[in-house]
Enquirer: 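One structure, as structure tokens, below. Some questions next.
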Amino acid sequence: MDDGPTGTTKDAFSGYSVPIADAFLDALDRIGRRIHVDVRGLDLLPPGRALLVANHAFGFDIAFAMARIHVETGRRVWALGEHAWWAVPGVRRFAAAVGTVDGTPENVDALLARDELVVVLPGGLREAVKPRELRYRLLWGHRYGFVRAALRNAAPLVPIASIGADDLFNFIGNPFARARKLHLPFPLPRPARLVPVPHLRAFRFVIGEPIPMPAAVDAAADPEHTARRLRREVEGALHEMFEEELARRASFTP
């Protein structure tokens with residue numbers, strides 16, 4: 001690989017386009033400001049490499065936060081995408097052009113080695129299409145890959161809480177079970193009403209304090225325990241931010 005993802009290499013970053021990414025993020029940030037998307041805690045972003053860990057609400061709402069970070073700091077923010085995206089040529093081409101890469105260990109290591117900011121959504125599709133009963137719950141299952149990537153690369157984990165997008169639609173039931181019955185390769189969310197009417201809520205993204213990685217010698221002593229501890233710390237930080245922001249939104253603060 002060359003010194004940076006320029007769109008000319010024959011690797012995972014070859015589809016990246018600086019002009020397309022800049023135009024897309026600038027336009028998205030203008031839309032975000034018009035609809036009053038609030039991004040707080042930009043001053044907490046570390047100057048070097050970091051894994052930004054966010055809850056996966058409806059759609060790809062985290063793109064608003066990525067756009068604001070880009071506009072305010074001038075830094076690129078890369079996203080680790082679902083492997084399934086790369087089976088759809090049109091989606092793959094656009095996602096790659098604006099800074100999304102297949103979420104493999106090799107790709108995240110390559111980005112962090114260049115001191116980039118990388119967004120990861122550990123919940124994936126399972127969390128994005130969850131029913132209304134599970135709003136603001138993290139559905140990460142047994143996913144620890146992002147923590148291990150942070151440990152391998154000595155990259156701090158930065159929690160980002162997305163507030164508002166989880167309230168857009170009332171999904172009901174199990175979208176994966178529904179898809180299996182219909183033999184579909186992707187989850188099929190079902191709205192509570194026949195027509196999915198969105199509930200308009202202000203979007204807010206809160207960037208939390210970076211969680212530093214332990215010294216390599218300490219992490220090596222018991223790597224599995226270290227990974228579990230760090231994931232619990234990220235989850236705890238996100239749930240605390242959910243609690244604070246939802247209480248503030250309901251004007252129920254001490």
Side-chain angles (χ1 to χ4, degrees), residues 5 7 13 15-45 50-82 84-85 88-101 103 111 116-125 127-130 132 135-136 158-171 189 191 195-208 238 241-242 244-246 248-249:
F13 308 102
Y16 181 72
S17 167
V18 172
I20 293 176
D22 286 353
F24 171 73
L25 292 170
D26 289 347
L28 190 61
D29 189 61
R30 287 196 296 273
I31 294 171
R33 292 179 188 275
R34 181 167 296 180
I35 63 175
H36 307 293
V37 172
D38 186 18
V39 180
R40 300 191 174 188
L42 288 168
D43 57 312
L44 295 175
L45 290 171
L51 266 180
L52 314 182
V53 187
N55 57 305
H56 201 346
F58 177 77
F60 200 57
D61 59 298
I62 193 64
F64 283 112
M66 294 168 62
R68 186 66 53 82
I69 292 170
H70 173 75
V71 169
E72 294 291 340
T73 70
R75 299 186 65 184
R76 288 182 296 204
V77 185
W78 299 80
L80 301 180
E82 288 273 353
W85 287 17
V88 185
V91 173
R92 178 179 66 233
R93 191 175 302 113
F94 176 74
V98 300
T100 302
V101 301
L111 288 169
E116 300 280 8
L117 297 174
V118 182
V119 167
V120 59
L121 307 166
L125 281 174
E127 193 171 285
V129 295
K130 59 186 176 292
R132 58 191 175 191
R135 286 173 180 165
Y136 301 105
V158 181
I160 300 183
S162 169
I163 309 293
D166 253 3
D167 303 294
L168 275 177
F169 294 100
N170 285 332
F171 290 142
V195 178
V197 179
H199 302 275
L200 299 181
R201 287 281 193 176
F203 282 13
R204 171 175 288 175
F205 299 90
V206 182
I207 301 171
L238 284 170
M241 287 190 282
F242 294 157
E244 291 177 358
E245 291 302 320
L246 292 173
R248 181 180 291 111
R249 192 172 73 178

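Predicted, not measured: the structure shown is a model, and the values here were computed from it. Side chains are part of it too, since the values below use all heavy atoms of this structure and drop only hydrogens, waters and symmetry mates.
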Enquirer: Looking only at non-hydrogen atoms, find the nearest pair between Met241 and Ile160 and report the distance.
Expert: CE-N, 4.5 Å

Enquirer: Minimum heavy-atom separation for Leu28 to Ala63, with atom names?
Expert: CD2-O, 3.3 Å

Enquirer: Is the backbone N or O of Tyr136 less than 3.5 Å from a side-chain atom of Asp166, with the two atoms forming a donor-acceptor pair by type?
Expert: yes

Enquirer: Tell me whether Arg33 is salt-bridged to Asp29, with the criterion being a basic N under 4.0 Å from an acidic carboxylate O.
Expert: yes

Enquirer: Give the minimum heavy-atom separation between Ala54 and Pro122, together with the two atoms involved.
Expert: O-CD, 3.6 Å

Enquirer: Considering only heavy atoms from C-beta outward, does the side chain of Ile62 approach that of Ser162 to under 4.5 Å?
Expert: no

Enquirer: Under 4.5 Å between any side-chain heavy atoms of Trp78 and Val101, yes or no?
Expert: yes

Enquirer: Specify the closest pair of heavy atoms between Arg68 and Val37, including all atoms of both residues, with the distance to one decimal.
Expert: NH2-O, 3.3 Å

Enquirer: Measuring only between side-chain heavy atoms, which start at C-beta, is Asp22 closer than 4.5 Å to His70?
Expert: yes

Enquirer: Check Phe242 against Ala161 and note the closest heavy-atom contact, atom names and distance.
Expert: CE2-CB, 3.7 Å

Enquirer: Report yes if the side chains of Tyr16 and Arg76 come closer than 4.5 Å at any heavy-atom pair, otherwise no.
Expert: yes

Enquirer: Ignoring hydrogens, what is the shortest heavy-atom contact between Val77 and Met66? Give both atom names and the distance.
Expert: O-CE, 3.4 Å

Enquirer: Taking C-beta and beyond as the side chain, do Leu52 and Leu45 meet within less than 4.5 Å on heavy atoms?
Expert: yes

Enquirer: Does a side-chain N-to-carboxylate-O contact under 4.0 Å join Arg204 and Glu244?
Expert: no

Enquirer: Can you confirm whether Val39 sits close enough to Ile207 that some side-chain heavy atom of one is under 4.5 Å from a side-chain heavy atom of the other?
Expert: yes

Enquirer: Parallel under 30°, tilted from 30 to 60°, perpendicular over 60°: which one fits the rings of Phe205 and Phe64?
Expert: tilted

Enquirer: For Ile163, does its backbone N or O pair with a side-chain atom of Arg249 as donor and acceptor, under 3.5 Å?
Expert: no

